[in-house]
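Here's the structure we're looking at; comments come further down.
Below, chains carry the letters A, B, ... as their sequence lines are ordered, and counting in each starts from 1.
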Amino acid sequence: MSPALSIAMNDLRLLLRDRVNAFFVFVFPLLFAMFFGSIFGGGGEGRGRMTVAVVDEDRTPASLAFVESLRADEALAVGGPMSMGQAESLVRQGKTTALVFLPEGFGEASDGLFAGRSLPIRAKVDPSRRAEAGLLTGKLNEIAFRRMTGLFSGEGWRDRLALARDRLAREPVAGPRGEALGTLLDDLGVFYERMESADDAAPDESGRAGEGGGVGGFSPVDVKVEELTRDLAGRPKNSYEVSFPQGIVWGLMGCVMGFGVSLAHERTRGTLVRLTTAPISRGTILLGKALACFVACLLVQAMLLGFGMLVFGIRLDGPSAWAMMGLAVLCSSVGFAGVMMFVAGISQTGPGAEGFGRALILILTMIGGGTVPLFMLPGWMQTAGMISPFTWATRAIEGALWRGFSPGEMALPCVVLIGFGAAGWVVGVRAMKWTT
Amino acid sequence: MLRLDGLRKSFGPTLAVDGVSLAVNPGEVFGLLGPNGAGKSTTIHLAVGLLSPDAGRVEIRGLGPPTDPAARRVIGVAPQSLAVYDDLTGRENLAFFAGLFGLGRAERRRKADEALEAVGLLDRAADRAGTYSGGMKRRLNLAAGIVHDPSLIVLDEPTAGVDPQSRDNILGMVRRLAQRGRTVVYTTHYMEEAEKLCDRVAVIDRGRLLDLGTVHELIARHGGDTTVTITRGRGDHARSDAVPTKDPARTLREAMASGGDITAVRVDRPDLETVFLTLTGRSLRDA
C-alpha cells in the first residue's frame with residue numbers, strides 16, 4: 001500500500017472511530033435533510049398548512065359555505081367552528097396560528113353585496129407569527145372574491161340581481177353612491193344578458209360556465225402560478241429533492257471540519273512529526289490527508305443520495321442525470337477537500353482550527369443559503385453567496401437531481417468547485433506549519 | 001552516526017541554535033542537556049530534518065542529510081508530546097507508523113508486537129491508546145519510535161511525567177537498545193538519568209554548546225571540589241564546617257586528628273547537576 005493511501009486509510013479509520021466527527025459527517029446531514037424535507041411538505045397530507053380556528057356566529061348558509069371554502073383550501077388546516085373563547089385560547093397557546101371570525105350578519109351582507117354591504121370577516125393572529133398574517137389576509141380575500149364571483153354566476157344571477165334591487169329599494173343608499181349602485185345593477189343585467197347570448201352563439205370551450213369561474217367562463221382575473229422548470233421530468237418530485245442537496249453539503253462541511261481539525265490537532269499532538277520524519281515527502285503526507293477527505297466526501301454524498309432514493313423517493317431520471325450527478329459529486333469532493341486544506345493550513349492548532357472552521361462554515365453556509373433561504377437575504381448577500389462553495393455544490397447536485405442540467409450548464413458549478421479546491425490546496429499547503 | 005556541523009537556526013529575531021557542532025558515535029547513548037528554551041528541541045528537530053538549518057549541515061553517517069529518504073529510514077523519533085492516535089489501539093498505532101517505513105503487512109504486525117512487548121504493553125495491544133495511563137502512553141510513544149528498528153533513535157524527554165515503574169521500563173529499554181548497538185540521542189531534565197544512562201553528555205544553553213564529554217570528564221572540568229561537612233557538638237551547640245577538598249579522605253583524617261566532638265560527617269561529591277548549574281547558572285528559566 002502506498003504511503004499516501006496508508007495515511008488516507010488511517011484518517012478514515014480515525015474519522016469513523018471519533019463518534020462526534022462521524023455524527024456530523026454522516027448522521028447530521030441526514031437528519032437535516034429529513035427534517036427540512038418534512039417541514040417543507042414533502043411528507044404528504046396536512047403538512048405545511050397554516051392552522052386556523054373558525055368562529056361562526058352567523059350560522060347561515062352563506063357563512064357555512066364560506067367555512068367550507070376555507071376547509072377546501074390546501075394552504076389552510078381549519079378547525080371548528082368553535083366558540084370565540086376556545087379559538088382565542090388555541091391562538092394564545094400557540095396551538096393555532098390564527099382564528100377567523102364570521103360575525104352575525106355575514107349571510108345578510110353576502111346577499112346584499114351589490115346593495116352597498118361589505119362582507120364582514122375578522123381574524124386574529126398569534127403575534128409571534130406576523131409573517132403568516134399576510135398569507136391569511138390574502139387567502140381570505142381570495143376565498144371571499146371566489147365566493148362573490150360564484151354568487152353572480154350560473155343560473156341564479158337574475159334572482160340575486162333582483163334581490164339586490166329590492167334591498168336597495170327598501171334601504172336606499174342616499175346620494176351619488178346610491179345612483180352609482182343602481183347604475184351598476186342595471187349594467188350588470190345587460191352584461192349577463194349579452195354573455196348568455198354569446199354562450200348560445202358559441203358553445204363554451206372550457207365547459208366550466210357557471211361553476212364559479214364567471215358567466216360564460218368569463219372572469220375578470222385569471223391568475224395561474226407555475227414553477228419555472230425545464231419540463232415535467234426536471235421538477236423536484238418532492239421536497240426531499242430540495243432538502244437532500246442541502247443536507248449533502250452540510251455533510252461536506254462536516255468533512256471539512258473533521259479532517260481540517262484533525263490535521264491541525266496532529267500538529268500539536270506530535271503525530272505530524274512522526275509522519276514528517278518518515279521516509280515520505282510532505283507532498284505525500286498532504287496528498288494522503290486530502291485523499292481521506294475526498295473519499296469521505298464521496299462516501300457521505302453516496303450515502304445520503306442512496307438513503308434518499310431508498311427511503312424518500314428521490315430519483316435520478318436516466319443515464320444523463322446519473323452522469324451529471326457523478327460529475328457533481330466528484331467536483332464537490334475536490335472542492336471541499338481543498339477547503340479542508342485551507343482550514344488546516346491557516347490554523348496553527350486544533351482549537352484554532354475548530355474556531356476558524358466553525359466561523360468559516362457558518363459564513364459560507366449562511367451566504368450560500370444553508371441556514372436562511374437565499375431569497376430572504378439582502379441582494380448584496382445573495383451576490384456574496386457566489387463565493388461560497390456551499391452555493392455551487394448545492395447548485396451542481398440540484399442540477400443533476402432535478403434541475404435537469406445539461407453538460408454545458410453543469411460545467412460552471414463544476415469548474416468553480418474545482419477552482420475552490422485548487423485555491424484551498426495552494427493556500428493551505430503554503431500556509432502549512434509542520435511543527436509547533 | 002550523526003554529525004552536526006556549525007548549525008544555526010533563527011526564528012525571527014531569536015537565535016535558537018548558534019553554531020552547534022557535535023558528533024554522536026555509533027552505539028553510544030548521547031545525552032543532550034540544557035535548561036528550558038536552551039535550544040535542545042530545535043537542535044533535535046534540525047538533527048532529524050524537521051527543520052532546515054539557516055547555516056551548517058547535518059549528516060547521518062554514510063546516508064546524507066536527514067531529509068534524504070534513505071537517511072530517514074534509519075532514524076526513529078519519540079517526540080516530547082505523546083505522538084500517538086488515541087482512537088487507534090496500541091497495535092494499530094505501531095502498525096500504521098511501521099507502514100510508513102515500507103514494512104509489509106505481516107512484518108508490520110510482527111514488529112508492532114515486538115515493540116509492544118519491549119515496552120511491556122503487549123497485553124494491552126488491542127486496547128485503544130486513549131484508554132492508556134500517562135506512563136503507558138509514554139511507553140507506546142517510545143515503541144512507535146523504534147517499531148521499524150532504526151539504528152539512530154532520538155528520544156525527546158522520554159520520561160517526562162511518568163511513574164517510577166514506567167521510567168524504569170523506559171530506561172531499561174534504552175539500555176537494551178544500546179546493548180544491541182543502536183545509537184540513542186536522549187534529552188532530559190533528570191540529571192541522574194543522564195548520569196546513569198549516557199556515555200557522553202552535551203550541555204547547551206542559549207543555543208550554544210557549552211561543553212561535551214563523558215560524565216566524569218564534565219565533572220572533572222566543571223564540578224569543582226568535593227565538599228566535606230563536619231559537624232561538632234550537639235543540640236544548640238552544634239557547629240558545621242564545609243570544607244572543599246580534592247582529597248576527602250585526607251580532609252577527614254585531618255579533622256579527626258584535630259580532635260573535638262565530631263558528631264556527623266557528610267561528603268558531597270560533585271555530580272552532573274553541579275556541572276549543569278555551573279555551566280548554565282542558577283537563574284530561573286521560564287522560556
_Selection from B:Ala83, B:Gly145, B:Gly102 maximising heavy-atom pairs under 4.5 Å formed with chain A_ = B:Ala83
_Proximity breakdown for B:Ala71 and chain A, heavy-atom pairs closer than 4.5 Å_ = neither
*Between the main-chain N or O of B:Glu59 and the side-chain N or O of B:Arg3, is there a donor-acceptor pair closer than 3.5 Å?*
no
_Region of B:Leu82 that comes under 4.5 Å of a non-hydrogen atom in chain A_ = backbone
*Do B:Asp113 and B:Arg109 come close enough that some side-chain heavy atom pair is under 4.5 Å?*
yes
_Over 12 non-hydrogen atoms of neighbours within 6.0 angstrom of CZ in A:Arg430_ = no
_Stepwise salt bridge (Lys or Arg N to Asp or Glu O under 4.0 Å) check, A:Arg13 with B:Asp87_ = CA-CA 9 Å; A:Arg13 182 163 52 183; B:Asp87 288 325; over 6 Å; no
_Among B:Val48, B:Thr67, B:Asn141, which residue has the highest count of heavy-atom pairs closer than 4.5 Å to chain A?_
B:Asn141
*When only pairs under 4.5 Å are counted, which of A:Val273, A:Leu272, A:Thr277 shares the most heavy-atom pairs with chain B?*
A:Thr277
*Cation over ring, A:Arg17 on B:Tyr85, under 6.0 Å and within 45°?*
no
*Residue B:Phe101 versus chain A: region with a heavy atom under 4.5 Å*: both
